[in-house]
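These numbers come from a predicted model, not from an experiment.
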Amino acid sequence: MTETLDANRAPAPTLSAQYQPGEVERRRYEEWVAAGRFRASADSDKPPFTIVIPPPNVTGSLHMGHAFEHTLMDALTRRRRMQGYEALWLPGMDHAGIATQNLVERQLAGEGLSRHDLGREKFVERVWRWKAESGGKILGQMRRLGDSVDWDRERFTMDEGLSRAVQTIFKKLYDDGLIYRAERIINWCPRCLTALSDIEVEHTDDDGELVSIRYSDEVVVATTRAETMLGDTAVAVHPDDERYKHLIGTLVDLPLTGRQIPIVGDEHVDPSFGTGMVKVTPAHDPNDFEIGQRHDLPSLTIMDERGVITAPGPFEGLDRFEARPAIVAALREQGRIVAEKRPYVHAVGHCSRCRTTVEPRLSLQWFVNTAPLARAAGDAVRDGRVKIEPADMAKRYFAWVDNMHDWCISRQLWWGHRIPVWYGPDGEVVCVGPDEDPPSGQGWHQDVDVLDTWFSSALWPFSTLGWPESTPDLAKFYPTSVLVTGYDILFFWVARMMMFGLYAMDGRQPFDVIALHGMVRDQHGKKMSKSFGNVVDPLDWIERYGADATRFTLARGANPGQDVPVSDEWCQGSRNFCNKLWNATRFALMNGAHVSGDLPEPSRLSTVDRWILSRLQQVTAEVDEQFEAYEFAKVCDTLYHFAWDDVCDWYVELAKPVLAAGGERAEATRRVLGHVLDHLLRLLHPVVPFVTDELWIALTGTEAAGAGSEGGSVMTATWPVAVPALRDEQAEREVTDLQRVVTEIRRFRSDQGLRPAQRVAARLDGLAEAGIAPHESLIRSLVRLDEAAPDFRASATLAVSGAVTVALDTRGSIDVAAERARLEKDRTAAEKEITQARAKLDNPAFLGKAPAPVVDKIRDRLAAAEADLERISTALAALG
RNA sequence: GGGCGCGUAGCUCAGCGGGAGAGCACUCGCCUUACAAGCGAGGGGUCGCAGGUUCGAAACCUGCCGCGCCCA
């Protein structure tokens with residue numbers, strides 16, 4: 001039975017029959033943190049590897065998208081750490097200006113207060129208090145997932161250092177003329193009462209109405225926003241439009257207002273849309289604003305910041321959505337409505353924070369002139385300094401940076417970085433840097449607005465490392481190695497980090513690689529949404545199946561740039577895989593597998609041992625390549641099949657008789673099994689860190705070394721490197737042949753309905769010719785075949801492959817019909833193969849133009865199929 | 001309207017010029033001393049449609065149909 005263990009090795013711990021992740025995960029994570037295993041040091045001589053976390057929102061909690069993204073980042077970081085890099089994964093959060101302010105304002109509303117009751121200072125204090133008490137829930141949830149982030153370096157965009165970074169770059173941009181203040185049409189949220197940038201507006205196709213209004217006998221305009229006609233200051237037609245050319249320069253009475261407005265000619269007008277005449281409302285539409293600029297038209301604001309009509313008259317005081325039908329009704333009364341289309345589906349912009357329909361609004365705001373910055377951001381990718389993975393996503397990136405509009409950065413909020421600009425009594429404007437004193441005295445005041453949250457997020461890759469100070473961290477860890485984020489964020493955040501990173505860091509890019517992933521979806525590829533009820537909570541999965549199973553499920557779906565569907569069933573499958581690893585290790589420990597000392601010389605190993613070692617090298621090399629290419633799904637697939645098929649289904653099964661027999665061969669196998677599991681657990685650790693650590697420690701017996709020391713965790717084990725010398729094609733061929741024989745016999749047994757436990761006498765012929773004669777006893781033990789006794793009488797003969805045939809004595813209980821069906825199926829397959837191969841080989845064009853190796857392969861295939869057909873026919877004939 | 005992407009087994013997806021694959025689901029047989037969260041065997045696809053290029057197309061090109069995303 002069990003061989004004696006080495007005297008200096010601790011007795012193998014016993015593992016339960018099923019893996020229970022909950023307790024293990026909590027314990028391991030605490031140990032990792034206590035041992036400081038996530039810490040990175042700027043003093044290290046090791047090469048740096050850096051990832052900054054895409055900062056989650058301080059108000060947020062962990063959703064499946066985070067879990068997915070974090071799994072990928074953690075896998076990259078853990079692997080590099082094992083490879084000997086000084087690996088830093090830096091955590092933190094952003095202050096989410098609008099979301100956080102909304103949240104605290106809602107709290108206040110519950111107390112019957114508004115932020116104005118408190119005043120700015122008290123309100124901001126209150127937000128900080130909220131953050132201290134209930135902000136950042138996600139940080140605790142990241143621990144459950146196993147994120148190996150350096151907690152000592154946690155950053156927040158409103159921290160003192162990061163705020164200093166914000167002020168520094170604002171001043172620099174201002175002094176370089178890249179920040180300016182101007183009156184423009186911006187996206188305005190009448191509920192949040194702030195400006196929004198283009199990317200904070202989400203367009204949806206909504207049901208609206210298209211109303212055609214007769215301004216005069218000759219002038220009819222169509223609009224989806226009738227209420228804005230109160231602010232019309234012109235009607236525009238295309239200057240080449242023969243129908244209306246003669247009207248250009250004339251005036252028309254604007255209904256309901258008593259005003260007269262001019263008709264102008266503008267290239268922007270599409271003559272084929274509607275009547276080819278458009279109303280022009282410069283203060284309430286971005287296109288109209290531009291027309292207004294070109295024709296020097298006045299801009300008439302007819303709504304306040306809440307969307308209430310301010311134009312004097314009967315509609316004053318009405319909300320914009322009440323004003324619309326009221327104005328249409330009034331026009332109809334005058335017989336001016338000539339056509340109406342309802343519903344009229346058109347794109348409507350909504351505030352990404354509160355869904356309120358945004359109102360284009362003319363207002364004085366701060367902007368970043370993005371043209372020069374965006375050009376540099378595009379060039380960094382164009383000239384290869386920054387690589388986008390997968391590469392074809394670069395198209396989307398260029399489409400964005402090459403057509404970027406100026407960025408509205410001021411927000412009418414209190415929570416955020418206040419714009420460092422002071423206005424003087426005589427119209428002075430002074431931008432104040434971080435170490436400068438703001439101007440004081442009568443009449444001076446600071447701009448009341450704050451900056452867009454993305455403004456500070458754009459500095460994240462270097463502000464978190466200490467910029468603008470020149471810190472050791474910055475020297476060691478910038479540029480960061482890889483940015484992992486969703487393709488949906490390419491425009492939002494990535495392009496902005498590129499612009500600011502290149503600008504602030506003297507042209508040095510914020511990251512070398514941008515690795516883009518897709519969106520997590522439900523099992524039918526649908527977007528997860530609360531209203532749809534298909535949201536899966538990662539914490540629920542962690543609770544039920546474990547963090548490793550959750551991570552494996554997500555990583556296994558991570559094809560570069562593709563969306564990831566997930567479902568409960570797939571997570572169960574991952575849980576099962578973890579349990580499989582658990583039980584394989586359990587088996588190994590129960591049978592004395594160990595990892596001490598060197599592997600025996602290949603000459604002292606069995607073919608099967610050399611085979612699994614050879615496969616291990618191949619898998620190691622593949623996994624390495626796949627990791628380098630951010631092919632997480634392939635990494636998982638490769639390791640899943642190696643672990644389950646090669647190691648568990650074949651190697652362990654083949655090892656059982658060897659271990660049972662004992663002796664030198666058994667000891668070699670225990671050593672090989674230990675080695676293979678050791679390396680398999682290392683390779684899997686980046687994706688499933690908990691179970692691999694638990695098992696690796698049990699397998700290697702290094703727990704005694706204690707937390708905090710070298711070793712003691714697979715986290716600090718070295719990353720396996722493929723050893724070409726251990727590749728063994730001969731062993732791989734032999735085991736493949738052996739597997740084919742075993743599978744063929746199992747197929748026969750299954751088709752014949754033979755019980756697994758039932759032993760059958762058999763004669764195996766041709767093993768020597770196939771070069772697998774030494775494995776006869778292994779084959780017999782796997783498929784329960786006894787030696788042929790003197791009274792052996794073959795009742796069936798299997799043609800396996802090549803020279804190998806198996807004669808079985810099923811004691812006359814052969815199911816002839818089943819056997820004939822099986823053989824006929826094989827015959828059909830062989831015939832099809834022969835037909836296909838002959839068709840090619842009979843084609844002179846194929847022989848003439850196809851490369852020689854391809855032709856040879858087809859010839860071999862034909863020969864093999866013909867031999868198979870021969871034996872199958874013989875067997876069929878023997879059946880009678 | 002402009003741009004990008006996707007249609008391969010029941011579901012979700014790999015494969016992207018030389019034998020149609022995986023996971024799950026399904027069928028049959030098994031509590032075989034690591035694991036029933038398991039083991040063994042099996043069924044299942046004119047690779048969206050139509051042309052073209054090629055000795056050879058699921059893959060490359062063109063058109064069409066259907067779906068999705070981004071931008072206007």
Side-chain angles (χ1 to χ4, degrees), chain A residues 1 15-19 198-199 202-203 270 272-273 286-287 346-347 349 392-393 395-396 398-400 403 487-488 490-491 518-519 521-527 545-546 549 553 556-557 559 561-591 593 631 633-634 636-637 640-641 644-645 648-649 652-653 655-656 660 742-758 782-784 822 825 832-833 836-837 839-840 843-851 853-855 857-858 860-861 864-865:
Chain A
M1 269 276 294
L15 304 179
S16 61
Q18 277 191 349
Y19 176 49
D198 294 346
I199 59 174
E202 286 172 19
H203 293 271
D270 176 4
S272 65
F273 179 78
N287 293 321
H346 65 301
D392 34 309
M393 286 279 180
K395 274 183 287 190
R396 292 194 190 202
F398 294 133
W400 178 258
N403 295 292
Y487 59 72
D488 58 326
L490 197 54
F491 320 123
M519 306 294 106
R521 293 172 179 276
D522 77 3
Q523 59 194 308
H524 298 295
K526 288 226 168 59
K527 213 175 202 166
Y545 306 120
T553 303
R556 201 180 186 188
N559 291 114
Q562 297 299 119
D563 287 346
V564 190
V566 297
S567 84
D568 245 53
E569 285 157 8
W570 302 335
C571 194
Q572 278 170 34
S574 301
R575 187 262 321 256
N576 297 354
F577 177 59
C578 292
N579 190 52
K580 192 71 179 172
L581 295 172
W582 180 266
N583 272 289
T585 309
R586 181 164 173 253
F587 170 86
L589 290 169
M590 287 166 72
N591 287 276
E631 294 270 13
K634 291 198 172 104
C636 292
D637 208 50
Y640 181 92
H641 283 112
W644 206 310
D645 301 349
C648 292
D649 288 349
V652 165
E653 293 307 319
K656 280 177 183 173
V742 168
T743 303
E744 200 57 32
I745 295 167
R746 282 174 175 165
R747 186 157 81 104
F748 171 81
R749 293 189 60 127
S750 183
D751 287 347
Q752 286 294 314
L754 296 173
R755 315 201 134 257
Q758 186 181 334
L782 280 181
V783 290
R784 294 170 197 252
R822 192 174 73 84
K825 200 180 144 214
K832 189 181 165 201
E833 178 88 358
Q836 287 178 341
K840 292 194 173 188
N843 180 355
F846 174 73
L847 294 175
K849 298 195 175 177
V854 173
V855 177
K857 206 159 86 182
I858 302 294
D860 291 348
R861 210 183 292 160

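When heavy atoms are screened at a 4.0 angstrom cut-off, A:R755 is found touching the sugar-phosphate backbone but no base atom. Using a 4.0 Å heavy-atom distance criterion, A:V652 is classed as a base contact. Counting non-hydrogen atoms under 4.0 angstrom, A:C578 reaches nothing in the nucleic acid. Residue contacts shown for A:N403 are absent, as no nucleic acid heavy atom lies under 4.0 Å away. The residue A:T743 sits close only to the backbone: its heavy atoms come under 4.0 Å of sugar-phosphate atoms, none of a base. Within the nucleic acid shown, A:Y640 comes within 4.0 Å of sugar-phosphate atoms alone, with no base atom in reach, counting heavy atoms only. Counting non-hydrogen atoms under 4.0 angstrom, A:D649 reaches the backbone sugars and phosphates but no base. Across all strands shown, A:K580 has heavy atoms under 4.0 Å from base atoms, whether or not it also approaches the sugar-phosphate. If you check every strand for non-hydrogen atoms under 4.0 Å, A:P756 touches a base. A:K526 comes within contact range of no nucleotide atom at all, as no heavy-atom separation falls under 4.0 Å.
Figure legend. B:C31 is base-paired to no nucleotide; pairs are counted as Watson-Crick or G-U wobble with both atom distances under 3.5 Å. The nucleotide B:U54 finds no pairing partner, because no Watson-Crick or G-U wobble arrangement with both distances shorter than 3.5 Å includes it. When Watson-Crick and G-U wobble pairs are counted only if both distances are under 3.5 Å, B:G5 pairs with B:C67. Across the strands present, B:G44 finds no partner; the criterion is a Watson-Crick or G-U wobble pair with both atom distances under 3.5 angstrom. Pairing partner, B:C24: B:G10, with both Watson-Crick or wobble hydrogen-bond distances short of 3.5 Å.
One can place CG of A:D563 at 18 Å from P of B:C11, the figure rounded to the nearest angstrom. Rounded to whole Å, atom P of B:C71 lies 17 Å from atom NE2 of A:H346.
Note on ring orientation: taking the six-membered ring where Trp is involved, the planes of A:W644 and A:F577 are parallel (angle under 30°, cut-offs 30° and 60°).
Annotation for A:Y19 and A:C578: closest pair CD2-CB, 4.2 Å, computed over non-hydrogen atoms.
Between the side chain of A:Q836 and the base of B:G19, no donor-acceptor pair under 3.5 Å is found. Judged by atom type and distance alone, A:R861 reaches the base of B:G19 through a side-chain donor-acceptor pair under 3.5 Å. Donor-acceptor pairing under 3.5 Å, judged by distance alone, is present between the side chain of A:R575 and the base of B:A37.
With distances taken from any side-chain atom of A:D751 to the nucleotides B:C35, B:G23, B:A41, the minimum falls on B:A41. You'll find that the side chain of A:R586 is closest to B:A34, out of B:G23, B:U32, B:A34. When each of B:G38, B:A34, B:A37 is scored by its nearest atom to the side-chain atoms of A:M590, the top-ranked nucleotide is B:A34. Comparing B:U12, B:G38, B:C71 by their closest approach to the side chain of A:W570 singles out B:U12.
B:U32 sits 14 Å from B:G40 when the P atoms are compared, rounded to a whole Å. For the C1' atoms, the distance linking B:C71 with B:A9 amounts to 37 Å, nearest Å. Comparing the P positions of B:G52 and B:G45 gives an interatomic distance of 27 Å, to the nearest angstrom. The gap from the C1' atom of B:C30 to that of B:G66 amounts to 45 Å, rounded to the nearest Å.
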Problem set entry | Verdict with reasoning, A:R749 to A:Q758, per side-chain contact (heavy atoms from CB on, under 4.5 Å) | CA-CA 10 Å; A:R749 293 189 60 127; A:Q758 186 181 334; 4.1 Å; yes
Which atom pairs link the protein and nucleotides 52-61 of chain B when you take only N or O atoms and keep those under 3.5 Å?
{"unit_1": "B:C55", "atom_1": "OP1", "unit_2": "A:K849", "atom_2": "NZ", "d": "2.2"}
{"unit_1": "B:C55", "atom_1": "O2'", "unit_2": "A:N843", "atom_2": "ND2", "d": "2.9"}

